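Below is one structure, written out as structure tokens; comments come after it.
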Amino acid sequence: TAIHARQGNEWLMASVREPRVEHRVADGPLSSLDWLVGSWRSEQHGTLMEVTYRWVANHSFLERTYAVRQGGRTTASGVQLIGQEPGSHDLQSWSFTSDAGYAVGTWIPQETGWAIATRGKSPDGTTTAAVNYLTRLDRDTLTWQSRERRAGGVSLPDTAEIRLMRGTASQ
């Protein structure tokens with residue numbers, strides 16, 4: 001709020017007040033994902049994975065970006081938006097990979113995290129499905145694993161469990 005006062009032929013600011021703007025915390029189902037916000041990192045067997053979660057669009061969505069590097073070279077990357085399904089309290093995600101694949105996921109709460117049932121397509125159009133498990137071990141540690149994987153109707157082995165630690169991801 002600015003109050004101007006006329007002094008002679010000039011208008012001068014007599015008072016300026018800026019109210020404190022509170023950082024909006026996500027409401028509803030998205031608030032249960034607030035613990036993810038920040039940078040996460042895993043380095044195993046010569047592979048570096050960096051993941052960052054941040055609020056976007058006035059806390060309407062949580063954005064996850066990731067990059068996988070081997071030998072200093074980025075081998076995979078992508079972006080995911082997580083939001084509330086309109087008209088319900090269900091969480092849904094939309095994922096896009098650097099090789100032009102995509103997936104849509106339904107988030108199912110678990111006792112210590114989330115199971116994300118996904119369906120999508122690989123770059124060549126092959127249909128894909130998996131259930132990805134995101135488990136919170138403590139404030140600074142989480143695990144991710146993809147199970148029940150299928151591509152073109154063919155079962156694939158589960159991925160190894162990846163342990164990520166809260167930390168600074170390089171950009």
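In this text the structure is predicted, and so the values were computed from the model without any measurement.
Nearest heavy atoms, Gly83 versus Leu30: CA-CD2, 4.1 Å. Closest of all the heavy-atom pairs between Asp158 and Glu148 is OD1-N, 3.2 Å. Minimum interatomic distance between Ala117 and Ile108 (heavy atoms only, all atoms of both residues): CB-CD1, 4.3 Å. The minimum heavy-atom distance linking Thr126 with Gly152 is given by the pair CG2-N, 3.2 Å.
Between atom CH2 of residue Trp144 and atom CG of residue Leu164 there is a gap of 9.5 Å, rounded to the nearest 0.5 Å. In this structure, the separation between CG on Asp34 and NE2 on His59 is 6.5 Å, given to the nearest 0.5 Å. Rounded to the nearest 0.5 Å, atoms CD (Glu50) and CD (Glu43) are 9.0 Å apart. A distance of 4.5 Å separates CZ in Arg147 from CD in Gln145, rounded to the nearest 0.5 Å. Glu63 CD to Ile82 CD1: the interatomic distance, rounded to the nearest 0.5 Å, is 9.5 Å. Within the model, atoms CG of Leu156 and OG of Ser146 stand 9.0 Å from one another, a figure rounded to the nearest 0.5 Å.
Judged by distance alone, the side chains of Ser93 and Trp107 do bring a donor and an acceptor atom under 3.5 Å apart. Counting only N and O atoms by type, the side chains of Asp99 and Thr97 include a donor and acceptor under 3.5 Å apart. Between Thr47 and Gln70, the side chains place a donor N or O and an acceptor N or O closer than 3.5 Å (distance only, hydrogens not considered).
Applying the side-chain contact (heavy atoms from CB on, under 4.5 Å) test to Thr143 and every residue at least two apart in sequence or in another chain returns Thr135, Leu137, Glu161, Arg163. Partners of Ser155 according to the side chain to side chain donor-acceptor pair (under 3.5 Å) rule, which considers only residues two or more places apart in sequence or in another chain, are Arg150.
A single hydrophobic cluster is not seen to contain both Tyr133 and Ile162; linkage of ILVMFWY side chains at heavy-atom distances under 4.5 Å, directly or through other members, places them apart. Leu134 and Trp40 fall within the same hydrophobic cluster, defined by Ile, Leu, Val, Met, Phe, Trp and Tyr side-chain heavy atoms under 4.5 Å apart, directly or through other members.
Between the Ser60 side chain and the Ala57 main chain, a donor and an acceptor come within less than 3.5 Å of each other. Trp35 places no side-chain N or O within 3.5 Å of a backbone atom of Ser31 that could act as its donor or acceptor partner. No donor-acceptor distance shorter than 3.5 angstrom exists from the side chain of Thr128 to the backbone of Ala151, with no hydrogens or angles considered. In this structure, the side chain of Thr74 does not engage the main chain of Ala76 through any donor-acceptor pair within 3.5 Å. Remark: the backbone N or O of Pro157 is paired with a side-chain donor or acceptor of Arg149 at under 3.5 angstrom.
A 4.5 Å side-chain heavy-atom check between Asp90 and Gln84 finds every atom pair outside the cut-off. A 4.5 Å side-chain heavy-atom check between Arg139 and Arg166 finds at least one atom pair inside the cut-off. Considering only heavy atoms from C-beta on, Arg64 comes within 4.5 Å of Val51 through its side chain. Side-chain contact between Leu33 and Tyr53 is absent, with no heavy atoms from C-beta onward closer than 4.5 Å. By the 4.5 Å heavy-atom criterion applied to side chains, Trp55 and Val37 are counted as neighbours.
By the 4.5 Å side-chain criterion applied to Ile, Leu, Val, Met, Phe, Trp and Tyr, Trp94 is assigned to a cluster that also includes Val56, Phe61, Val79, Leu81, Phe96, Tyr102, Val104.
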Please determine whether side-chain contact (heavy atoms from CB on, under 4.5 Å) holds for the pair Arg136 and Thr112, giving the CA-CA distance in whole Å, both sets of side-chain angles, and the decisive distance to 0.1 Å. CA-CA 6 Å; Arg136 182 180 188 178; Thr112 58; 5.5 Å; no
